[in-house]
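The next block holds one structure in the form of structure tokens; read it before the comments.
From a predicted model like this one, the values you see are computed outputs, not experimental measurements. Both backbone and side-chain heavy atoms feed into the values below; hydrogens, waters and symmetry mates do not. Start at 1 with the first residue, then count along the sequence.
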Amino acid sequence: MKFLADSSLGRLSKWLRLLGYNTVYYRGEADRSFLRKAEEEGRAALTRRRDVLARQHPGIVLFVENDRVENQIEEVLEKLDLRPDPASYFTLCVRCNESLKAALPEEVQPLVPDYVFRRVSSRCARSVEGSSGPARTGIGP
């Protein structure tokens, strides 16, 4: 499922991307053009604005009731009966929503600071190269 999230749901957009859901963050007003974009792109519209619910729209419009992002994630997944696929975790860029591609360490080393490129666990002294995200968030293997 693909989503279009209104401007009040930026953090939710990032987390849905981390879970592998293609989610566009809409920076404009949640109005007719917001709903038109959702329809044109085949996306479910996510909003915190009740007035959007009153507008006619042939697709899915979900009003997100919760304020806290962790509750919003649970709410969206539950209301739409979605079960994230662990194989899709961390496959989209949280900033631009584009698919991430595999790269060799040598290819990315010049692009990132050394402390990001190479991290060492203080507990087991095991090197973790560029992958502290899944361990820190508790998502994934």
Side-chain angles (χ1 to χ4, degrees), residues 1-105 107-141:
M1 177 165 278
K2 299 189 311 183
F3 298 104
L4 180 65
D6 76 14
S7 61
S8 65
L9 297 170
R11 291 182 67 206
L12 176 61
S13 297
K14 289 180 181 181
W15 278 96
L16 288 171
R17 290 172 184 165
L18 285 171
L19 293 173
Y21 292 104
N22 183 313
T23 306
V24 171
Y25 175 64
Y26 190 79
R27 288 173 166 45
E29 276 294 311
D31 55 11
R32 285 189 184 100
S33 59
F34 169 73
L35 294 175
R36 194 174 313 114
K37 182 175 177 68
E39 182 181 2
E40 289 169 358
E41 296 182 8
R43 297 178 180 277
L46 305 176
T47 186
R48 297 263 309 137
R49 292 186 46 184
R50 290 189 187 277
D51 61 311
V52 174
L53 298 174
R55 299 178 191 268
Q56 289 187 347
H57 177 66
I60 298 170
V61 180
L62 181 67
F63 175 73
V64 180
E65 297 176 35
N66 286 286
D67 293 329
R68 297 177 55 89
V69 70
E70 52 274 6
N71 297 335
Q72 290 173 344
I73 297 164
E74 187 177 316
E75 178 183 351
V76 169
L77 296 178
E78 187 177 295
K79 284 183 176 178
L80 297 174
D81 196 29
L82 298 174
R83 308 249 175 333
D85 176 8
S88 296
Y89 294 170
F90 302 99
T91 58
L92 297 171
C93 177
V94 296
R95 293 185 70 196
C96 72
N97 198 43
E98 290 294 318
S99 294
L100 298 176
K101 65 176 187 167
L104 297 172
E107 294 175 312
V108 297
Q109 187 171 13
L111 304 174
V112 298
D114 188 50
Y115 71 90
V116 171
F117 180 73
R118 184 162 191 84
R119 294 185 166 246
V120 178
S121 168
S122 59
R123 183 169 164 218
C124 65
R126 182 175 156 202
S127 175
V128 181
E129 296 185 75
S131 63
S132 62
R136 191 177 60 222
T137 61
I139 297 174

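Shown here is E78, whose CD atom has no more than 12 heavy atoms of other residues, nucleotides or ligands within 6.0 Å. Other residues, nucleotides and ligands contribute over 12 non-hydrogen atoms within 6.0 Å of the CZ atom of R49. Counting heavy-atom neighbours within 6.0 Å of E74 CD, excluding the residue itself, gives a total of 12 or less. Counting heavy atoms of neighbouring residues, nucleotides and ligands inside a 6.0 Å radius, atom CZ of R68 does not exceed 12 of them.
If you take CD1 on I60 and NZ on K2, they are separated by 12.5 Å, rounding to the nearest 0.5 Å. Distance check, rounded to the nearest 0.5 Å: CD of Q72 to CG of L62 gives 10.5 Å. The line from OG of S8 to CG of D67 is 10.0 Å long, rounded to the nearest 0.5 Å. Atom-to-atom distance recorded for R36:CZ and D31:CG is 8.0 Å, nearest 0.5 angstrom. Between the CZ atom in R48 and the CG atom in L9 there is a gap of 7.0 Å [rounded to 0.5 Å]. For the atom pair D114 CG and Q109 CD, the distance stands at 6.5 Å (nearest 0.5 Å).
Here the closest heavy-atom approach between residue V108 and residue A103 is recorded as CG1-CB, 3.8 Å. Listed here is the closest heavy atom pair of A30 and T47: CB-OG1, 4.2 Å. Pairing each heavy atom of E75 with each of N66, the nearest pair is OE1-ND2, 2.7 Å. Of all the heavy atoms in A45 and L35, the pair that sits closest is CB-CD2, 4.1 Å. A pairwise comparison of heavy atoms in T23 and N97 identifies N-OD1, 3.1 Å as the closest pair.
Side-chain atoms of Y25 come within 3.5 Å of backbone N or O of S7 as a donor-acceptor pair.
Two residues are said to be in side-chain contact when any heavy atoms from C-beta on lie closer than 4.5 Å; L18 and Y89 fail this criterion. In this structure the side chain of W15 never reaches within 4.5 angstrom of the side chain of V76, judged on heavy atoms. Contact of the K79 side chain with the E65 side chain is registered, since non-hydrogen atoms from C-beta on lie closer than 4.5 Å. A heavy-atom distance below 4.5 Å is not found between the side chains of V61 and R55. Using a 4.5 Å heavy-atom threshold, the side chains of Y21 and P84 count as touching.
Applying the side chain to side chain contact (heavy atoms under 4.5 Å, CB included) test between F63 and each of V52, L46, L53 identifies L53 as the sole match. When the options E98, R43, R17 are evaluated for a side chain to side chain contact (heavy atoms under 4.5 Å, CB included) with N22, the one that passes is R43.
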